[in-house]
> 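Have a look at this one.
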Protein chains: 2
Amino acid sequence: MPSESQHRPVETVETAFDIVDVLKRDDGAGITDIADELGLAKSTVHRHVKTLESRGLLVREGDVYRISTWFLDYGIHVRNRHRLYDVARPKVDELAAETNEKVWCVIEEHGMGVHIYGAEGRHSVKTHARIGQRTYLHQFAAGKAILAHLPDNRIESILEDYGLAAQTDQTITERDELHDQLATIRDRGYAFNREESVIGVHAVGAPIRNKSGTAIGAISVAGPANRLRDDLMTEELPSLLLGATNEVEINLAHS
Amino acid sequence: MPSESQHRPVETVETAFDIVDVLKRDDGAGITDIADELGLAKSTVHRHVKTLESRGLLVREGDVYRISTWFLDYGIHVRNRHRLYDVARPKVDELAAETNEKVWCVIEEHGMGVHIYGAEGRHSVKTHARIGQRTYLHQFAAGKAILAHLPDNRIESILEDYGLAAQTDQTITERDELHDQLATIRDRGYAFNREESVIGVHAVGAPIRNKSGTAIGAISVAGPANRLRDDLMTEELPSLLLGATNEVEINLAHS
DNA sequence: AGGAAACGTTCGAACAGCGGGAACAGCTTT
DNA sequence: AAAGCTGTTCCCGCTGTTCGAACGTTTCCT
């Protein structure tokens, strides 16, 4: 996000979170492993780990340290306090019941899409996505719906920061094509995803905007490509989605 | 948890998490507020906040900084990777459907009970508890079920560390009474909570033990006191619960 | 069994870098 | 117009972090 940055970071804090990241990536590790992986002295890592452990942020489990459930406490707190969560959750549940597909609520943060709540429909695909997952905005329906409804300068700076990495061979990787699609999305008010993030999965996404028209999040419906097609994909789902997002926007304005 | 601790913590890391804690408690704050609350210089707080923000861990929202959804990512990761989660979740869902009450899966960590998954029954009370919530083990059914099935020395050290704080006027605050109850719980295999954590709420909890018999977590059913009583409370629910926890224990052993 | 390797842990010393105060800039308030 | 409040930047001094080496245990290997 920060294009330039003239500030000198607190390196000790960075190493602490580097350690946390290693423990997340490797799903638990010992002192020596961490030290090797980060190029730090064992004693340094040891002191950090003991500090984090004494705060309860890490848990020793046999011969490895793991991230503790304190992060779950922090994370759920963040979600519950988000202005969108309380308003969007019932609508997401409704949509899942109506469509029988997987429905996600996604918010924008630091130029990425974050899945904060998902509801299972009766036939919903066991999806790739998890709560908390971060995805590039150009790679999926909800993300494109958000991206299309951000101010132009933010769109540019996001594309500048993250580029257009491919997830499948259908992912948009050309700037021109993206801008064309964004214009279309702005026109009709919703976005499609045809195997652009996962092969075999289609999705429809619609933005949730604040009073000034800027997207703060989106709701999407995802399902198998062979079920989400024709009128269901192009007419029914968009209409259901827009109904839901409109309600959310109204409730959001009066809260 | 650490009764002794001869190690000197990394103070810079502690202040970083102190800041995170303030932002969680106050639900967002400015630089000056944080500095005042922690007794630090504004410049110090500023550097820390900018460091955390550049990592994406904080988000600036108007004139306050907030904790970001990265913590949700960390937290959900912790939960998903927990050996109990995958095994217990379907059983918790089943129990909620069978009993129509609120069902929780709780694990032990650092001598406290952490709610990692909850399922709504059709009539379930909108409960106090949230995912990620930490509760003293002596204050609720799942906690007492866990506590009863820990090694004696761990029980002692936990009571030493946390004491017996009251949550309601029914909470156990006497050591003798607690030990009596724990013995009973060990005998019959499950625990009751009669308005000990929330007035008007009863619950039944049963432990989930590993091969060596030590509890690693518990499952509980909670509901209004006037519905959870008589045979339902003392016979039916315990029997359903024990069926579920036994299955979980078996699946846990073979995974 | 015995030895070696690998682990987490402790210690002291050295200098990087963290913390603090004061000054600056932008904004609203009075 | 000026005074109050922000967040931000600078630089200096000293604290506290880092590292390497050595210790004590356990595990693995031959």
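In this text, all values refer to a predicted model and were calculated from it rather than measured experimentally. Chain letters run A, B, ... following the sequence lines, proteins first and then strands; every chain starts at 1.
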> On a heavy-atom basis, which atom in B/Ile146 and which in B/Glu108 lie closest, and how many Å separate them?
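For B/Ile146 versus B/Glu108, the nearest heavy atoms are CG2-CB, 3.8 Å.
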> Hey, does the side chain of A/His46 come within less than 4.0 Å of C/dT9's phosphate (OP1/OP2), counting only N and O?
yes
> Taking salt bridge (Lys or Arg N to Asp or Glu O under 4.0 Å) as the cut-off, I'd like each qualifying pair that reaches into residues 31-51 of chain A, sequence neighbours left out, listed once.
A/Lys50-A/Glu53
> If you apply the rule side chain to side chain contact (heavy atoms under 4.5 Å, CB included), what do you find for B/Arg55 with A/Val13, and how did you get there?
CA-CA 10 Å; B/Arg55 272 211 163 229; A/Val13 174; over 6 Å; no
> Rounded to whole angstroms, how far apart are CG on A/Leu38 and P on D/dT18?
12 Å
> Going by salt bridge (Lys or Arg N to Asp or Glu O under 4.0 Å), name the pairs with one or both residues in residues 244-255 of chain B, residues two or more places apart or in two chains.
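Passing the test, one end in residues 244-255 of chain B: B/Lys91-B/Glu247, B/Arg209-B/Glu249.
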> Could you tell me the separation between the CD1 atom of A/Ile208 and the CG atom of A/Leu84, rounded to the nearest 0.5 Å?
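So the CD1 of A/Ile208 and the CG of A/Leu84 are separated by 4.5 Å.
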> What pair of heavy atoms forms the shortest contact from A/Ala145 to A/Gly205, and how long is it?
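Answer, listing the atom of A/Ala145 first, then A/Gly205: CB-O, 3.8 Å.
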> What is the distance, to the nearest angstrom, from the CD1 atom on A/Ile19 to the P atom on D/dT17?
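Atom CD1 in A/Ile19 sits about 13 Å away from atom P in D/dT17.
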> Expressed as a whole number of angstroms, how long is the span from B/His7:NE2 to C/dC11:P?
13 Å
> In residues 21-34 of chain A, what residues come within less than 4.0 Å of DNA chain D, judged by heavy atoms?
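Residues of residues 21-34 of chain A under 4.0 Å from DNA chain D: none.
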> Mind checking the CG-CZ spacing from B/Asn210 to B/Arg83? Nearest 0.5 Å is all I need.
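The CG atom of B/Asn210 sits 6.5 Å away from the CZ atom of B/Arg83.
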> Angle class for the A/Tyr85/A/Tyr117 ring planes (parallel below 30°, perpendicular above 60°, tilted otherwise)?
perpendicular
> Tell me which pairs pass ring pair (Phe, Tyr, Trp, His ring centres under 6.0 Å) where either residue lies in residues 11-43 of chain A, with sequence neighbours left out.
A/Phe17-B/Phe17
> Out of curiosity, A/Cys105 SG to A/His82 NE2, how far, rounded to the nearest 0.5 Å?
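Going from SG on A/Cys105 over to NE2 on A/His82, the span is 8.0 Å.
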> For DNA chain D, find the residues of residues 57-66 of chain B with a heavy-atom distance under 4.0 Å and give them by number; none if there aren't any.
B/Arg60, B/Tyr65
> What string of B, S and - do you get for nucleotides 12-21 of chain C, 5' to 3', when a contact is any protein heavy atom under 4.0 Å?
-----SBSBB
